[in-house]
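Single-structure report; data block below.
Heavy-atom basis, side chains included; hydrogens, waters and symmetry copies ignored.
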Amino acid sequence: MYRNPSPPPQEAVPENLDRIQNTAYSQCWVLKALVALSSQTLKDEEELNEELENEFCQLWDMSSDKHVGSFMLEKGVCDLLLAPLVRSSNFRVREVSLGIIANLMCHRATAKRDMALCECHYEITP
């Protein structure tokens, strides 16, 4: 009598696989939120979805953490953060994007190295 072979033993996936260093923050969540922020094309009079605004504000707060800031800079998020300044004329979207950039610049050691690579070639309109 033949039977199917037993499945291979399950290897435990490290719990911290998605964590940013030793924080509880998720790498996937941060990157997903950055992509969502960068794709905003709202006009002045349009309102940002409350759920998205909360997500973007959480990202803004998280960017002040040195580990999250370093992670973001290592992933080269400059263009993702500059995109809303070009694509959207919505004040809140621009405020969040600039706030995250400001937080990243506070992480001096990595910001000097990584943000120096980012040249702003965008024409930003008020």
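For the side chain to side chain donor-acceptor pair (under 3.5 Å) condition, no pair includes a residue of residues 29-41, sequence neighbours left out.
Within 6.0 Å of CD in E51 there are 12 or fewer heavy atoms belonging to other residues, nucleotides or ligands.
Note: the hydrophobic cluster containing F91 does not contain V86 (ILVMFWY, side chain heavy atoms under 4.5 Å, direct or indirect links).
Side-chain contact check for L82 versus L85: some heavy-atom pair is nearer than 4.5 Å. Two residues are said to be in side-chain contact when any heavy atoms from C-beta on lie closer than 4.5 Å; L98 and W60 fail this criterion. In this structure, the side chains of L31 and V35 stay at 4.5 Å or more apart for every pair of heavy atoms. Taking 4.5 Å as the limit, some side-chain heavy atom of L37 sits within range of a side-chain heavy atom of V96.
Atoms CD1 and SG, on I101 and C78 in that order, are 6.5 Å from each other to the nearest 0.5 Å. Between the CG atom in L73 and the CG atom in L104 there is a gap of 4.5 Å [rounded to 0.5 Å]. Rounding to the nearest 0.5 Å places CG of D65 at 12.0 Å from CZ of F71. Atom-to-atom distance recorded for M62:CE and E55:CD is 10.0 Å, nearest 0.5 angstrom. Distance CG/L42 to CD/E47: 10.0 Å, rounded to 0.5 Å. Distance check: L81 CG to I100 CD1 gives 5.5 Å after rounding to the nearest 0.5 Å.
A donor-acceptor pair is defined here as one N or O able to donate and one able to accept, closer than 3.5 Å; no such pair exists between the side chain of S88 and the backbone of V93. In this structure, the side chain of Q27 engages the main chain of R19 through a donor-acceptor pair within 3.5 Å.
With sequence neighbours excluded, the residues satisfying side chain to side chain donor-acceptor pair (under 3.5 Å) with E53 are R92. Contacts of S63 classified as side chain to side chain donor-acceptor pair (under 3.5 Å), with partners at least two apart in sequence or in another chain: N103. Scanning for side chain to side chain contact (heavy atoms under 4.5 Å, CB included) contacts around N54 gives E50, with sequence neighbours left out. Every residue two or more places apart in sequence or in another chain was checked for a side chain to side chain donor-acceptor pair (under 3.5 Å) with N90, and none qualifies. Every residue two or more places apart in sequence or in another chain that forms a side chain to side chain donor-acceptor pair (under 3.5 Å) with S26 is listed here: D18.
Smallest separation of non-hydrogen atoms from M72 and L59: CE-CD1, 4.4 Å.
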